Amino acid sequence: MTDIEELLLSRIRDVEDYPEQGVMFKDITPLLADPAAFTALTDALAEIAERTGATKIVGLEARGFILGAPVAVRAGLGFIPVRKAGKLPGATLRQAYELEYGSAEIEVHAEDLGTDDRILIVDDVLATGGTAEAAVELIHRAGAGVAGVAVLMELGFLGGRGRLEPALRGAPLEALLQV
């Protein structure tokens, strides 16, 4: 395990039976409250943005906003929020996706994405992969390219990587931590 992995893991708190019985929630708020850990996380994600040739960062609502915005600033890139449906004003592109318990929709302002853009999607957790897969499809539909997906942690037992990789069309999926 690397020093950054140890630092990040040491600042993630396990919360049993949240949000429901039998779930072990990974709480990143202690990590965000620690300036050294938050800076290390931001630097690591910004390095991925630079390595993948990203031109803009997309953050997925809501914790992807918290992580993606400082990554964009650190890497000198623009930031684009992908929000739950109905939260953005004006014309948007919308993408539906399936969840274990139903369906949801996300949207983006398409005019913020250009055909020359290579987008790095940033989020805190890759779980089942549904939201990230929908974001990849939105970016493709807007005519931009996907530089990759970068997450703080991947919950491998939920199979999100297998779901997401075909949509990535060869772009990398990088998780700083495997849980």
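Keep in mind that this is a model prediction, so the values were computed, not measured.
- Considering only heavy atoms from C-beta on, L126 comes within 4.5 Å of L164 through its side chain.
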Checklist entry - Given the rule in the side chain to side chain contact (heavy atoms under 4.5 Å, CB included) test, do V73 and V71 qualify, once you have shown the distances and angles that lead to the verdict? => result CA-CA 5 Å; V73 170; V71 169; over 6 Å; no
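- Here R51 pairs with E47 in a salt bridge; the nearest charged N to carboxylate O distance falls below 4.0 Å.
- Side-chain contact between L173 and L168 is present, with at least one heavy-atom pair separated by less than 4.5 Å.
- Annotation: the span from L67 atom CG to L152 atom CG amounts to 6.5 Å, rounded to 0.5 Å.
- Taking each heavy atom of I66 and F38 in turn, the nearest pair found is O-CZ, 3.8 Å.
- Residues L60 and V125 are members of separate hydrophobic clusters, defined by side-chain heavy-atom contacts under 4.5 angstrom among Ile, Leu, Val, Met, Phe, Trp and Tyr.
- Shown here for A91 and E111, the closest heavy-atom pair between the two residues is O-OE1, 3.9 Å.
- Here the side chains of L113 and I119 are in contact, with some heavy-atom distance below 4.5 Å.
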Checklist entry - Where do M153 and Q178 land on the side chain to side chain contact (heavy atoms under 4.5 Å, CB included) test, with the steps shown first? => result CA-CA 6 Å; M153 67 185 125; Q178 300 285 333; over 6 Å; no
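- Checking side-chain atoms of T92 against main-chain N and O of V108 turns up no donor-acceptor pair under 3.5 Å.
- Contact check for D27 versus I12: no side-chain heavy atoms found under the 4.5 Å cut-off.
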Checklist entry - Which is it for L177 and L9 under the side chain to side chain contact (heavy atoms under 4.5 Å, CB included) test, yes or no, and what are the steps along the way? => result CA-CA 8 Å; L177 302 172; L9 275 174; 3.9 Å; yes
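- Residues L88 and F79 do not share a hydrophobic cluster, defined by chaining ILVMFWY side chains whose heavy atoms lie under 4.5 Å apart.
- For the residue pair Y97 / S103, no side-chain donor-acceptor distance below 3.5 Å is found, with atom types taken as modelled.
- In this structure, the side chains of D34 and L32 stay at 4.5 Å or more apart for every pair of heavy atoms.
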Next on the checklist: Test salt bridge (Lys or Arg N to Asp or Glu O under 4.0 Å) on E107 and K87; report intermediate values, then the result.
Outcome noted: CA-CA 8 Å; E107 58 189 17; K87 300 288 185 178; over 6 Å; no
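- Residues H140 and V146 are in side-chain contact: their nearest non-hydrogen atoms beyond the backbone lie under 4.5 Å apart.
- Looking only at distances, no side-chain donor or acceptor of D112 sits under 3.5 Å from a matching main-chain atom of I80.
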Next on the checklist: Evaluate V151 against E174 for side chain to side chain contact (heavy atoms under 4.5 Å, CB included), listing each step before the verdict.
Outcome noted: CA-CA 6 Å; V151 297; E174 298 196 39; over 6 Å; no
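- Atoms CD and OG1, on E133 and T128 in that order, are 9.0 Å from each other to the nearest 0.5 Å.
- Note on E105 versus K84: no salt bridge recorded, every NZ/NE/NH1/NH2 to OD/OE distance being 4.0 Å or above.
- In plain terms, the two heavy atoms of Q95 and A134 that are nearest each other are CG-O, 3.5 Å.
- For the atom pair L77 CG and K56 NZ, the distance stands at 10.0 Å (nearest 0.5 Å).
- Here the CZ atom belonging to F25 is positioned 9.0 Å from the CZ atom belonging to R13, to the nearest 0.5 angstrom.
- Scanning both residues, I57 and G68, for their nearest heavy atoms gives CG2-O, 3.7 Å.
- Residues meeting the ring pair (Phe, Tyr, Trp, His ring centres under 6.0 Å) test with F65, sequence neighbours left out: none.
- Counting heavy atoms of neighbouring residues, nucleotides and ligands inside a 6.0 Å radius, atom CG of D3 does not exceed 12 of them.
- Between E5 and L176, the closest heavy-atom pair is OE2-O, 3.5 Å.
- Note: M24 CE to D14 CG = 5.0 Å, rounded to the nearest 0.5 Å.
- A 6.0 Å sphere centred on CD of E6 holds more than 12 heavy atoms belonging to other residues, nucleotides or ligands.
- L31 places a side-chain heavy atom less than 4.5 Å from the side chain of L8.
- In terms of heavy atoms, A49 sits closest to T52 at O-OG1, 3.2 Å.
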Checklist entry - Where do D123 and R63 land on the salt bridge (Lys or Arg N to Asp or Glu O under 4.0 Å) test, with the steps shown first? => result CA-CA 6 Å; D123 205 4; R63 289 180 297 254; 6.0 Å; no
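- V82 and I121 fall within a single hydrophobic cluster, where Ile, Leu, Val, Met, Phe, Trp and Tyr are joined by side-chain heavy atoms under 4.5 Å apart, directly or via other members.
- Contact of the I106 side chain with the E61 side chain is not registered, since no non-hydrogen atoms from C-beta on lie closer than 4.5 Å.
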